[in-house]
Structure formats: C-alpha cells, structure tokens
*Asks:* 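Structure in structure tokens, see below.
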Amino acid sequence: ARQEAALTMARRILLTDADHRDLTLDYLKLLTGRQRLRPAAPREVLVVGAGVAGMVCARLLLAAGHKVRVLEANRSRVGGRVKTFRGDLWQDPRLHAEAGAMRIPSSHVLTLALADHLKVPRRPFHLVDVPPQPDLASGDARVVYRSWTGEEFATGTAPAYTAPKGLGGRLVHVNGQTVSKAAYAADPGPVNKSFGWDSTLTAGAAFDRALDTARAYTMVKNGDGTWSDKPIEQRVTGMAQLLYDLDGYSLLRYLQESEGWSDAQVQAVGTLENLTSRLSYGFLHSVFDASDINPAVTYFEFSAGTDALTEALAKDLPIERGRVVTQVRLGDGGVTVVAEPESGPEDEACEGAIGGDRCEYRADAVVLAVPYAALRHVDFDPILPYGKRRAIAELKHDTAHKVLVEFTERWWEWDEDTWRAKLGTDYRPAPHGDAVAAVGGGCVSDEASRFVYFPSHPSDDGAPGGIVLAAYNWAEDALRFDALTPADRHTEALDHLAGLFGERIRRYATDRHVSQSWLRNRWALGEAVIETPGQLLSLGPQVAAPVADRLFFAGDHCQPRYHAWISGAIASGVEAAVQLTSG
Ligand code: ARG
C-alpha cells in the first residue's frame with residue numbers, strides 16, 4: 001500500500017499520469033484558451049471559495065457551458081491568500097505591499113501564463129539586491145516551458161529574462177556579528193565559526209550539496225556539475241522511490257542521518273537559510289522549496305500588486321460575498337449547501353465571524369476550494385470517507401507572519417554619499433559598513449524579525465517612499481511574532497532595521513505598519529499545508545480525491561509539489577474542473 005501511495009504521489013508531484021502525459025502542458029492550454037474542457041452535459045456547480053483555485057475552476061467551467069456560482073466567506077474581498085495592502089492603510093495611498101503571495105519563480109509557468117493571458121502586468125522581483133535601474137521592460141519577458149514530450153509552450157515572444165547576480169550589499173546578522181552578504185560569500189569562515197561550524201562553504205552551498213542525495217533519484221549529474229532531469233518514466237519511479245525512502249524523514253533527521261551533519265552545522269545552515277523553524281517538518285518539502293527559493297532563481301511580481309491577478313480572475317464571475325458555508329448535504333443526484341452570512345466586527349486579525357440568517361443552495365456538484373483546515377468546520381451529511389476526514393483533521397498547516405513598514409523615502413536605495421547629502425551635519429556613518437545603492441534583496445538575522453525584504457522597484461506611481469517587508473517569518477518564528485501586539489511588532493521590526501542600518505533610518509519611518517498572521521486569519525487558518533514526516537504518503541492520496549462524483553476539492557493543498565504557491569492553487573483548480581467534466 002505504501003508503494004502504491006508513493007507511485008500515486010510521485011505522479012501528482014510531477015503532474016503526470018499512468019500514461020506519462022504532461023498535465024502541465026494540458027493545463028497551460030486550458031488556462032490560455034488554446035484548449036477547452038471536454039464537452040459534457042451542463043451541470044449546476046457551486047464553487048466554495050473565491051481564492052485562486054476556486055476562481056480558476058469556476059472560469060473554466062463557465063467557459064465550458066456549465067452554470068456556476070461562487071460563494072466567498074469574506075465580505076470585503078476575494079483572493080484568499082493573495083492579499084494586497086493598499087490605499088488608506090498607508091500614509092501615501094499610492095503605495096501597496098503584499099500580505100501574501102509576492103514572488104513568482106519563472107519556472108511557475110502556470111501562474112505566469114495565466115497572468116499573461118489575463119493581461120496582468122508583471123515585472124522582475126529581485127530576491128537579491130541589484131542596482132536601482134528601471135528594468136520594467138523585462139516584465140513581459142517570455143517564459144518557456146519545455147515538456148518531456150518535446151513540445152514547447154511560451155507565454156509570448158518578448159526576449160527571455162534572467163535575473164542579474166546580486167550586489168551582496170544586504171546584511172547577515174548572526175551571533176552578534178554583522179557582515180554584508182558579499183563578505184560572507186567571500187569568506188564564510190568567521191560567521192560559520194560563530195556557530196561552532198568549521199567550514200569554508202557558505203550555508204547555501206552546504207545545503208545545496210546536502211540535497212544531491214535526493215536529486216539523484218530523479219536527475220543525473222552532468223560533467224560540469226549541473227543536473228538534468230531523467231526521462232519521465234525514470235523520474236516517476238525515482239520520485240516514488242524517494243517518497244518511499246524519505247517521506248518519513250524530517251529535515252533534521254535527513255541532515256543528521258543521511259548527510260552526517262553536526263548540530264553546529266544544522267544550526268548555522270538552519271539560521272542562515274531559513275530552515276530552523278521547519279526542521280521538524282517533512283524533508284521533501286524542503287527539497288521542493290529549495291528549487292523555488294534560492295538566489296539563482298529568476299522571479300516576477302505583479303506590478304500593480306498580486307491582487308491584480310485575483311481581481312482579473314474575479315471579473316465577470318458570479319461571486320456571492322460574505323457567505324460562509326457551514327453544511328454540505330449529499331442527496332440523490334445533487335448537493336445542498338447551507339451558507340450563513342459573515343457578520344460581526346471586521347477585525348484585522350480574524351476577518352469576520354459567522355452568524356445570521358442561513359440560506360440554502362442546490363447544485364449538481366460542489367467544488368470545495370477553501371483551505372483544508374476550514375473544512376473541519378463544515379458539517380457533511382453523510383460524513384466524508386475516513387481517509388478524507390483524517391487528512392482534513394491531521395494535515396499540518398504551517399503559519400507565516402509578515403510585518404510591513406512604511407517609509408517616506410527609500411533609504412535602502414542610497415549609497416553612503418547620498419546619505420551624506422541627505423543628512424548634512426546630522427550625518428553619521430552606517431554601523432556596519434558603507435551603504436550600497438540597490439533595490440530588492442534582503443537581510444537575514446537571528447533576531448526575532450529574521451528576514452527582511454526590500455522592494456524590487458524604485459517607485460509606485462511616482463511615490464517617493466516605499467514599504468519594507470521588515471519581518472517575514474515561518475512556523476515557530478512566526479508563532480512568536482504572532483503573540484506580540486501590533487505596536488510591539490512595529491517596534492521590534494523597526495529596532496531591528498535601526499540596528500542593521502543605523503538610527504538614521506528612523507527619521508523616514510511613518511507611523512504606518514501592517515502585519516499579517518495567516519494562522520490567525522479566520523478564513524485561511526494557516527499559511528499553507530506543509531506535511532510533517534510521513535504525511536505525504538499516509539494522507540496525501542486522500543487530499544484531492546473527489547467524493548461520490550459530486551464533491552470536488554481544490555486549493556494549493558491538493559497539489560503536493562506546490563503547497564504555498566499560486567501555481568499549486570491554479571493546478572488544483574484546473575484539475576477539479578477536468579475531474580468534474582470527465583465523469
Ligand atoms: N511561496 C511562499 C514564499 O514565497 C511561501 C514559501 C514557503 N514555502 C512553502 N512551500 N511553504 O515565501
């Protein structure tokens with residue numbers, strides 16, 4: 001049974017089936033209208049949840065001639081974990097910043113192709129710091145997907161774009177030492193030693209090397225040190241074997257047992273590479289994450305905010321807002337759904353409550369496209385199959401916390417000469433070396449704020465200021481930030497920035513800051529599913545499986561390769577639409 005689960009999940013992770021079809025290619029064509037869903041007798045479909053998954057599914061079903069309605073719990077917005085803070089929240093209402101999804105790896109072709117199809121403008125997102133030159137033209141860069149079938153899919157004809165290398169001017173601050181990323185890369189020894197880890201490798205290089213054991217299951221190493229995918233048949237069996245062998249491993253156990261890492265190395269690399277808070281989570285998640293989040297990846301962001309994508313998806317969709325689904329009854333031939341209004345104070349932490357007059361909806365089929373944990377608060381009649389209930393109850397939902405801080409000027413783009421000119425006689429040197437003129441990139445620190453991200457672009461609509469993601473935390477790190485009051489979070493994040501870049505930054509801080517806890521969000525109930533050891537195989541096969549040909553499931557939790565990514569939500573939404581029309 002474990003072997004069978006491994007094969008099922010291997011296919012799901014690689015988006016393929018028993019015939020080695022390339023589902024990514026199929027989904028790309030469906031999303032961009034080059035292909036249609038199989039014609040089927042029109043059904044009345046209720047989609048629950050106007051996040052990316054639900055809206056993608058609804059659009060495909062509508063285009064195929066089905067009668068579709070979407071129910072959304074939030075009164076005030078659609079988009080789910082795509083959420084852009086804009087307008088009055090900021091002193092300068094021209095600014096915007098992301099509470100949720102913010103960066104799209106260029107390999108996430110489903111997201112980019114859908115956005116391009118909907119004409120949602122994008123531009124590069126810089127994970128590393130680059131010179132502050134406008135690179136807006138590269139936003140329409142083509143993104144290419146080369147299938148194992150030999151077919152190629154491109155999002156456009158504009159030249160491709162590869163992100164430049166970072167300047168290395170942002171800071172590493174651990175164990176009381178503060179050095180630039182460039183200094184750490186040139187001589188990792190002293191920082192590593194401060195953890196008791198005696199190595200001349202950077203933390204990033206050490207972790208990359210540690211993943212070779214996992215890579216070898218599905219890839220071959222070339223003479224020049226790069227890796228290439230094995231043929232698809234071997235990738236599937238290799239992925240199944242990888243799951244079979246290592247799904248039971250936490251990241252910590254893998255690093256210790258398979259790679260022989262010392263505690264000191266685990267701590268050093270964990271702290272610098274954002275692994276510490278997830279050491280107890282399933283190892284496979286870190287393998288996937290490492291290929292999506294690393295300095296060599298090219299990213300895009302949506303120029304007008306990520307919610308430009310969800311607003312484009314919502315356009316012309318029949319969405320009823322403020323409807324919280326509380327009951328789903330399977331009757332003969334159809335489904336009855338009971339929804340109650342969202343009511344109560346609209347509170348930033350909890351976003352609404354439930355109560356008031358309920359109403360009933362009848363449909364032929366229902367797509368449940370809400371975060372998995374939310375289904376625990378829905379009554380199903382008859383109860384869902386055992387495996388499904390277990391998955392809903394037990395799948396680990398991680399949390400993420402972001403603190404966004406507004407500044408009146410973009411001091412992170414200034415070099416030391418600019419600082420001198422700005423401050424005149426008030427000028428004091430930076431505490432940790434001269435400032436480098438740059439946009440994007442960020443700092444890593446072992447203090448509570450942990451990860452800082454600077455905006456990738458000089459300006460929003462000519463605004464002189466900008467919003468810094470002053471603390472982005474996951475898991476345990478996020479929980480501890482969650483427990484603070486909003487004012488405490490601001491103080492913590494601002495003190496941290498002042499410690500790194502000098503007291504001189506404080507004069508540009510406005511009193512505006514917004515933080516987002518995804519765990520405390522009433523309708524999200526967490527950041528995303530990230531399995532604990534063993535869950536991919538024991539629960540994974542149940543997650544997306546339809547029930548009685550009438551209940552379908554969508555959401556990034558349904559796509560194990562892309563939990564916590566828009567691409568996962570999109571793939572799952574397409575999959576649900578395909579399932580619904582192929583019965
Ligand atoms: N996609 C989000 C980001 O870019 C979350 C990443 C966390 N990774 C994950 N697989 N949960 O930060």
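Note that the coordinates shown come from a computational prediction; the quantities given were computed from them, not determined experimentally. We use all heavy atoms of the structure for the numbers below, so side chains are in, but hydrogens, waters and symmetry mates are not. Counting from 1, the numbers follow the sequence of the chain as shown.
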*Asks:* Can you check side chain to side chain contact (heavy atoms under 4.5 Å, CB included) on Lys388 and Phe553, steps first, answer last?
*Replies:* CA-CA 11 Å; Lys388 189 72 96 181; Phe553 296 82; 3.4 Å; yes
*Asks:* For Phe283, what residues pass the ring pair (Phe, Tyr, Trp, His ring centres under 6.0 Å) criterion, not counting sequence neighbours?
*Replies:*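 Ring pair (Phe, Tyr, Trp, His ring centres under 6.0 Å) check on Phe283 returns Tyr254.
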*Asks:* For residues 47-54, which side-chain N or O atoms pair as donor and acceptor with protein atoms under 3.5 Å away, sequence neighbours left out?
*Replies:*
none

*Asks:* Is the cationic atom of Arg81 (NZ for Lys, CZ for Arg) positioned less than 6.0 Å from the six-membered ring centroid of Trp518 and within 45 degrees of its normal?
*Replies:*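 No cation-pi geometry.
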*Asks:* If the plane angle is over 60° it's perpendicular, under 30° parallel, otherwise tilted; pick one for His126 and His457.
*Replies:*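 Ring orientation of His126 relative to His457: tilted.
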*Asks:* Checking Phe302 now: which residues fulfil ring pair (Phe, Tyr, Trp, His ring centres under 6.0 Å) with it, not counting sequence neighbours?
*Replies:*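 Ring pair (Phe, Tyr, Trp, His ring centres under 6.0 Å) check on Phe302 returns nothing, list empty.
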*Asks:* Salt bridge or not for Asp379 and Arg329, using N-O below 4.0 Å?
*Replies:*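 Looking at Asp379 and Arg329, the cut-off is not met.
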*Asks:* Output all residues satisfying salt bridge (charged side-chain N to carboxylate O under 4.0 Å, His left out) with Asp477, sequence neighbours left out; order by chain, then residue number.
*Replies:*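 If we apply the salt bridge (charged side-chain N to carboxylate O under 4.0 Å, His left out) test to Asp477, skipping adjacent residues, the hits are Arg450.
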*Asks:* Decide yes or no on salt bridge (Lys or Arg N to Asp or Glu O under 4.0 Å) for Asp140 and Arg123, but give the supporting numbers first.
*Replies:* CA-CA 7 Å; Asp140 62 357; Arg123 62 192 182 188; over 6 Å; no
*Asks:* Do the charged groups of Arg75 and Glu342 touch, with an N to O distance under 4.0 Å?
*Replies:*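 The answer is yes: the pair qualifies as a salt bridge.
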*Asks:* Inspect the surroundings of CZ in Arg36 and state if more than 12 heavy atoms from other residues, nucleotides or ligands are less than 6.0 Å away.
*Replies:*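 Incorrect, the count does not exceed 12.
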*Asks:* Do Arg561 and Asp556 meet the salt-bridge criterion of a basic N to acidic O distance under 4.0 Å?
*Replies:*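 Arg561 and Asp556: not salt-bridged.
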*Asks:* Report the C-alpha separation of Phe481 and Leu479 in whole Å, then their side-chain angles, then the decisive distance to 0.1 Å, and conclude whether the side chain to side chain contact (heavy atoms under 4.5 Å, CB included) test is met.
*Replies:* CA-CA 5 Å; Phe481 235 102; Leu479 288 171; over 6 Å; no
*Asks:* Would you say that Val378 contacts Gln327 through its side chain, given a criterion of any heavy-atom pair below 4.5 Å between the two side chains?
*Replies:*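 A side-chain contact is absent here, since even the closest heavy-atom pair is not under 4.5 Å.
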*Asks:* Any chance you could lay out the salt bridge (Lys or Arg N to Asp or Glu O under 4.0 Å) test for Asp307 and Arg86, step after step, and finish with the verdict?
*Replies:* CA-CA 10 Å; Asp307 68 356; Arg86 56 172 75 253; 2.6 Å; yes
*Asks:* Salt bridge or not for Glu527 and Arg278, using N-O below 4.0 Å?
*Replies:*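 Counted as a salt bridge, because a side-chain N and a carboxylate O are separated by less than 4.0 Å.
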*Asks:* With sequence neighbours left out, write down each residue that passes ring pair (Phe, Tyr, Trp, His ring centres under 6.0 Å) with His513, or none if nothing qualifies.
*Replies:*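 Ring pair (Phe, Tyr, Trp, His ring centres under 6.0 Å) list for His513, sorted by chain: His490.
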*Asks:* Is it true that Glu492 and Arg480 make a salt bridge, defined as a side-chain N closer than 4.0 Å to a carboxylate O?
*Replies:*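 Result for this pair is no, no salt bridge flagged.
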*Asks:* What do the steps show when you test His108 against Phe300 for side chain to side chain contact (heavy atoms under 4.5 Å, CB included), and what is the final call?
*Replies:* CA-CA 10 Å; His108 288 206; Phe300 295 94; over 6 Å; no
*Asks:* Is the shortest side-chain N to carboxylate O distance from Glu340 to Arg358 below 4.0 Å?
*Replies:*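 Yes, Glu340 and Arg358 are salt-bridged.
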*Asks:* What residues form a ring pair (Phe, Tyr, Trp, His ring centres under 6.0 Å) with His563, not counting sequence neighbours?
*Replies:*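 If we apply the ring pair (Phe, Tyr, Trp, His ring centres under 6.0 Å) test to His563, skipping adjacent residues, there are no hits.
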*Asks:* Mind telling me whether Phe125 and Tyr299 have parallel, tilted or perpendicular rings, with 30° and 60° as the class edges?
*Replies:*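 The arrangement is perpendicular - the two ring planes meet at more than 60°.
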